[in-house]
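Down below is the structure, laid out as structure tokens.
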Amino acid sequence: MNSKDQKVLVSTFEKEVCEGLTAFPKYLSSKFFYDEIGDELFQQIMALPEYYLTRAEYEIFETHKSDIIQKFDTHKEGFDLIELGAGDGKKTKVLLQELLNQHYNFTYNPIDISENAIDGLVKNLNQEMPGVAVQGQIGEYFEVLDRLKHMSDRKKVIMVLGSNIGNLLHARAIQFLKKLYNAMHTGDLLFIGFDQKKHPQKVLDAYNDKSGVTAAFNKNVLARINKELNGNFDLNKFMHWETYDPENGTAKSYLVSKEKQTVDIDNLSLQVHFEAWESIHTEISQKYDDDIVKWLAKESGLKIVKSFSDQNNDYKDYLITKEE
């Protein structure tokens, strides 16, 4: 691998692609799976029989929605509902409808890295739920967290659904939770989903479906490099590979080169060399139990108030607060 010449990298995508593909071992961030095509593929993943996460969290919302929103704003004093990584908002709409039905005073601020996802969600909510005051924001979590301090002074409820925190190893998860802590006032709440440890095969199947949708989703990062950075990846020369370690609860996704090859990325003036069976690490999906979540919260200065689980205990949403 070598850079043909020095080039000013003007976007996060360019910068991180260059860093990841010139590192050893190679890596690319899963956040770059998402564009219009990636968003559509993830919608398909959420509907797959193997992908239990979305159904489990949806079940939690349908079963416990009254209890959840009552905990959000016990005295009905009004609050800002801020969702990081909002996506299409399908699950959130269950809570939004209940908040409307129970006449809560709230604003909804969905935040996502995908402009396509936010534009679609805001347009959809304006049509489906005109009673919801919605203000969509586009950006990465850590950038947006810095903005949270400058929002209104009233109570905040920050939601991180879909076990998005599972994309971070524990050390970075604690950093993320500490940033949330710093963005919160005393009494603010964090409502966050953690996928639970379970049969290892069930975890593997969720990220390696038989129909190949997850493989296409992972390979979309290569397709984006081709499209946006003038790369010449041959997607057929890479395979999707999933692993899961039940000891530490870490599922990992890789793209593996089937042969020795060289890829050009013209916009980066970069040639990337692959040995046969060399991998690009693309994603982790961490699994948890109550003890791990309690430890993460404690290390971040936060405290668990309550948790809500689906019937199979596959998944839990934890309500966490910032104390004095």
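Reckoned from all heavy atoms, side chains included, excluding hydrogens, waters and symmetry mates.
Between Arg154 and Glu77 there is no salt bridge, since none of the side-chain N atoms of the basic residue sits less than 4.0 Å from a carboxylate O of the acidic one. One finds a salt bridge joining Glu128 and Lys93 here, because a Lys/Arg side-chain nitrogen approaches an Asp/Glu carboxylate oxygen to under 4.0 Å.
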Side chain to side chain contact (heavy atoms under 4.5 Å, CB included) between Leu255 and Val221, worked out: CA-CA 10 Å; Leu255 295 172; Val221 68; 4.1 Å; yes
Arg55 vs Asp314, salt bridge (Lys or Arg N to Asp or Glu O under 4.0 Å): CA-CA, chis, key distance, verdict: CA-CA 10 Å; Arg55 290 190 302 277; Asp314 280 337; over 6 Å; no
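Using modelled atom types, one side-chain atom of Asn226 and one backbone atom of Asn232 make a donor-acceptor pair closer than 3.5 Å. No donor-acceptor pair closer than 3.5 Å links the side chain of Glu83 to the backbone N or O of Met159. A distance-only check finds no donor-acceptor pair linking the side chain of Asn116 to the backbone of Asp35 [under 3.5 Å]. Of the possible polar contacts, none joining the His185 side chain to the Lys156 backbone as a donor-acceptor pair under 3.5 Å is found. The backbone N or O of Asn236 sits less than 3.5 Å from a side-chain atom of Asp234, completing a donor-acceptor pair. Judged by distance alone, with hydrogens and angles left aside, the side-chain atoms of Gln196 form a donor-acceptor pair with the main-chain N or O of Phe194 at under 3.5 Å. A side-chain donor-acceptor contact under 3.5 Å links Asn164 to the backbone of Leu161. Put simply, the side chain of Asp209 never gets that close to the backbone of Tyr51: no donor and acceptor are under 3.5 Å apart. Arg224 places a side-chain N or O within 3.5 Å of a backbone atom of Phe32 that can act as its donor or acceptor partner. In terms of modelled atom types and a separation under 3.5 Å, the side chain of Ser253 and the main chain of Thr282 share no donor-acceptor contact.
Using a 4.5 Å cut-off on side-chain heavy atoms (C-beta onward), Tyr34 and Asp112 make no contact. You'll find the side chain of Gln97 stays beyond 4.5 Å of the side chain of Lys65, heavy atoms only. Residues Val132 and Leu99 form no side-chain contact, since every pair of their non-hydrogen atoms from C-beta on lies 4.5 Å or further apart. In this structure, the side chains of Val203 and Lys197 stay at 4.5 Å or more apart for every pair of heavy atoms. Residues Leu180 and Ser300 fail the side-chain proximity criterion, which asks for heavy atoms closer than 4.5 Å. Residues Leu177 and Ile192 form a side-chain contact, since some pair of their non-hydrogen atoms from C-beta on lies under 4.5 Å apart. Using a 4.5 Å cut-off on side-chain heavy atoms (C-beta onward), Leu302 and Tyr318 make no contact. Put simply, the side chain of Ile158 does not reach to within 4.5 Å of the side chain of Asp188, judged on heavy atoms.
Side chains of Ser66 and Glu98: a donor-acceptor N/O pair is present below 3.5 angstrom, by distance only. Neither side chain, Asp80 nor Asn109, offers a donor N or O lying under 3.5 Å from an acceptor on the other. Remark: the Asp310 side chain and the Tyr58 side chain contain no N/O donor-acceptor pair separated by less than 3.5 Å. Lys198 and Asn312 share no side-chain donor-acceptor pair at under 3.5 Å. Donor-acceptor pairing under 3.5 Å is recorded for the side chains of Asp195 and Tyr52. Between Gln43 and Asp39, the side chains place no donor N or O within less than 3.5 Å of an acceptor N or O (distance only, hydrogens not considered).
Rounded to the nearest 0.5 Å, atoms NZ (Lys178) and CD (Glu299) are 7.0 Å apart. Once rounded to the nearest 0.5 Å, the distance linking CD of Gln44 with CG of Leu41 reads 5.5 Å. A distance of 8.0 Å separates CD1 in Ile174 from NE2 in His170, rounded to the nearest 0.5 Å. Once rounded to the nearest 0.5 Å, the distance linking NZ of Lys202 with CD of Glu50 reads 11.5 Å. From Lys71, atom NZ reaches atom OG1 of Thr321 across 13.0 Å, with rounding to the nearest 0.5 Å. Between the OG atom of Ser163 and the NZ atom of Lys316 there is a distance of 13.0 Å, given to the nearest 0.5 Å.
Taking the six-membered ring for Trp and the full ring otherwise, Tyr315 and Tyr288 have centroids separated by 6.0 Å or more. The six-membered or imidazole ring of Phe238 lies near that of Phe274, with a centre-to-centre distance under 6.0 Å.
Relative to the ring axis of Tyr181, Lys322 places its NZ or CZ within 45° and under 6.0 Å from the centre.
Transitive grouping of hydrophobic side chains (ILVMFWY, heavy atoms separated by less than 4.5 Å) brings Ile138 and Phe13 into a common cluster. Residue Ile37 is grouped with residue Leu28 when hydrophobic side chains (ILVMFWY) are merged at heavy-atom distances under 4.5 angstrom, including chains of intermediate members. Under the 4.5 Å side-chain heavy-atom criterion for ILVMFWY residues, a single connected hydrophobic cluster contains both Val134 and Met129.
Crowding of Lys90 atom NZ: a count of heavy atoms from other residues, nucleotides or ligands under 6.0 Å not exceeding 12. Around atom NZ of Lys258, more than 12 heavy atoms belonging to other residues, nucleotides or ligands sit under 6.0 Å away. Annotation: Lys298, atom NZ; neighbour count of heavy atoms from other residues, nucleotides and ligands within 6.0 Å does not exceed 12. Within a 6.0 Å sphere centred on CD of Glu115, other residues, nucleotides and ligands contribute 12 heavy atoms or fewer. Counted within 6.0 Å of NZ on Lys123, heavy atoms from surrounding residues, nucleotides or ligands total 12 or fewer; the atom is thus considered open.
The side chain to side chain contact (heavy atoms under 4.5 Å, CB included) search around Leu169 returns Thr250, Ile284, Gln286, not counting sequence neighbours. With sequence neighbours left out, the side chain to side chain donor-acceptor pair (under 3.5 Å) criterion links Asp289 to no other residue.
Apart from Trp277 itself, the hydrophobic cluster it occupies contains Met239, Trp241, Tyr254, Val256, where clustering links Ile, Leu, Val, Met, Phe, Trp and Tyr at side-chain heavy-atom distances under 4.5 Å.
Ring planes of Phe308 and His64: tilted class, angle from 30 to 60°. Using bins of under 30°, 30° to 60° and over 60° for the plane-to-plane angle, the ring pair Phe191/Phe61 lands in the tilted bin.
No option in Glu259, His273, Lys26 other than Lys26 meets the side-chain contact (heavy atoms from CB on, under 4.5 Å) test with Glu278.
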